[in-house]
Undergrad: 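Got a structure for you, questions after.
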There are 2 protein chains.
Amino acid sequence: MDQATALNLFREHLKKYIDFNEAEWILFSQHLSFSGLKKKHYFATPEKVCDKVGFIVDGSVRYFHIKDGQDITGYFSFENEFLSSYKSYLTSSPGYTYIQALEDTNLITFTRRDMDEMLSNPMLAYKMERFGRLIAEQYLCCYEDRVVSFITQTPEERYLQLLTTGREILRRMPQHYIANYLGITPVSLSRIRRRVMETVK
Amino acid sequence: MDQATALNLFREHLKKYIDFNEAEWILFSQHLSFSGLKKKHYFATPEKVCDKVGFIVDGSVRYFHIKDGQDITGYFSFENEFLSSYKSYLTSSPGYTYIQALEDTNLITFTRRDMDEMLSNPMLAYKMERFGRLIAEQYLCCYEDRVVSFITQTPEERYLQLLTTGREILRRMPQHYIANYLGITPVSLSRIRRRVMETVK
DNA sequence: TCAGAACGTTAACAAAAGATAAGAAATAGA
DNA sequence: TCTATTTCTTATCTTTTGTTAACGTTCTGA
């Protein structure tokens, strides 16, 4: 995957949100970087502020936290999705999230500084505000669903829902990561799976 | 509380996000409505699309869901906070959230249609995009914290954290609502409280 | 003011989840 | 290919939560 291809993929994806004209795209793309992240390397760690947002051209990452020495997976991102320790990025304060490549991953990134510059540039400001709004709103919807599921559903129900809506996660992620994502331990998920299997029989 | 006072409070609050000049404020405020919501009345119900966003000038509301005939509280909003069944508003699709006034509440509201008109009005578009972005980003941060707490903390730990960060909720909300908010049953919260009390002794 | 509703605690029991450990199977990497 | 690691399951035991019901208290609305 070369940089030009990656940029084209990114530009294509952005059409869902924003329609840049040529002049705008040139300005915008000057602030973009193309970078690779080797498997098991980190996009963000809690020690420092996450000062950038990435777009996954190719590959996948997981978000996790460390609690009492234990690694707890909270989320995943795949191709054609953005990634960031979002709160850390927005507030410019250290987060509590590790973001790690699960395979060799190619990214388009821009820093908070880039974004601030674009937001201050009259040629881009309007579209970047809109871009930021639409991205934030989209993630807000995901988060809303997730919070509601923790409040109204049992772990088993969350797993059953994942079976219908989470194909990508189920297909590509090891089960103990999925367990954490559902808010339970791997052992517990294994039991739930057996219960579900026996019910289906 | 009269309309002029409410509008001034709202304008004051908005300064945290946006600085409107006089002309802009006149245009913007034309799209605002002032309304009262009597205790126990609904701001939103799942049967229909939530087509508006409100700002609480005075009062409080709770968000809840109904599952198997049971009412499960998911969130609260107080004075100087926005309220909406956000995903329903953003996607113009029916939600699964009831929003109910816990006391007589005064609101400033604007509809999705109002917002769309403002976003299409060149005189306001830029500031409204920015406004929408900043609001969405702020709520995103809250949601991120909430999701992380469900994944990394036990119910007891979530309660202990609420003791330090959730004064307003603890002071004003009945305990069975708080229990749902923490993802557990009222009976379980009562037990946790006893455990915590005995540990402190 | 007064009856009914809402609220918080407790008890008893069932169901589920956490912790730990062991073992089998799959996978990765040298 | 072969070994070490990761992954998943299962078992056992402990802890926690859910469920239901009862009881006293506090609120609330007519």
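All values reported here derive from a predicted model rather than from experimental measurement.
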Undergrad: Nearest whole Å is fine: how far is C:dA17 P from A:Tyr159 OH?
TA: 13 Å
Undergrad: Name the residue from B:Leu83, B:Asn80, B:Leu9 that meets the side-chain contact (heavy atoms from CB on, under 4.5 Å) definition with B:Ile56.
TA: B:Leu83
Undergrad: Between P on C:dG18 and CD1 on A:Ile72, what's the gap in Å once rounded to a whole number?
TA: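 Going from CD1 in A:Ile72 over to P in C:dG18 covers 10 Å.
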Undergrad: Could you give the NZ-to-C1' distance, from B:Lys38 to D:dT28, as a whole number of Å?
TA: 16 Å
Undergrad: Strictly below 4.0 Å: does B:Arg195 bring a side-chain N or O up to OP1 or OP2 of D:dT17?
TA: yes
Undergrad: Quick one: which protein N/O atoms are closer than 3.5 Å to N/O atoms of nucleotides 23-28 of chain C? Pair and distance per line, please.
TA:
none

Undergrad: Do A:Tyr96 side-chain atoms and A:Ile66 backbone N/O form a donor-acceptor pair below 3.5 Å?
TA: no
Undergrad: Taking side chain as C-beta onward, heavy atoms only, is B:Leu107 less than 4.5 Å from B:Val57?
TA: no
Undergrad: Taking DNA chain D as the partner, which of residues 167-194 of chain A come within under 4.0 angstrom of it by heavy atom?
TA: A:Pro174, A:Gln175, A:His176, A:Val187, A:Ser190, A:Arg191, A:Arg193, A:Arg194
Undergrad: Under 4.5 Å between any side-chain heavy atoms of A:Lys52 and A:Ser84, yes or no?
TA: no
Undergrad: Between the side chains of B:Arg62 and B:Thr73, is a donor N or O closer than 3.5 angstrom to an acceptor N or O?
TA: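 A donor-acceptor contact under 3.5 Å links the two side chains.
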Undergrad: Do we see a donor-acceptor contact under 3.5 Å between the side chains of A:Thr97 and A:Tyr86?
TA: no
Undergrad: Under 6.0 Å between ring centres, would you say that holds for A:Phe28 and A:Phe20?
TA: yes
Undergrad: Looking at B:Gln175, I want to see if its CD is surrounded by more than 12 non-hydrogen atoms of other residues, nucleotides or ligands under 6.0 Å.
TA: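 Yes, because the 6.0 Å sphere around CD of B:Gln175 holds more than 12 heavy atoms from other groups.
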Undergrad: What is the separation between atom CD on A:Glu157 and atom P on D:dT17, rounded to the nearest whole Å?
TA: 18 Å
Undergrad: Taking atom P of D:dT17 as reference, at what distance in whole Å does atom CZ of B:Phe150 sit?
TA: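 The distance from CZ of B:Phe150 to P of D:dT17 comes to 13 Å, rounded to the nearest Å.
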Undergrad: Side chains of B:Arg193 and B:Tyr159 only: does a donor on one sit below 3.5 Å from an acceptor on the other?
TA: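 Looking only at side-chain atoms, B:Tyr159 and B:Arg193 do form a donor-acceptor pair, the distance falling under 3.5 Å.
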Undergrad: Would you mind reading off the distance between A:Met197 atom CE and D:dC8 atom C1', rounded to a whole angstrom?
TA: 13 Å
Undergrad: Could you give the CD-to-C1' distance, from A:Glu198 to C:dA15, as a whole number of Å?
TA: 15 Å
Undergrad: How many Å lie between CD on B:Gln100 and P on C:dA6, as a whole number?
TA: 11 Å
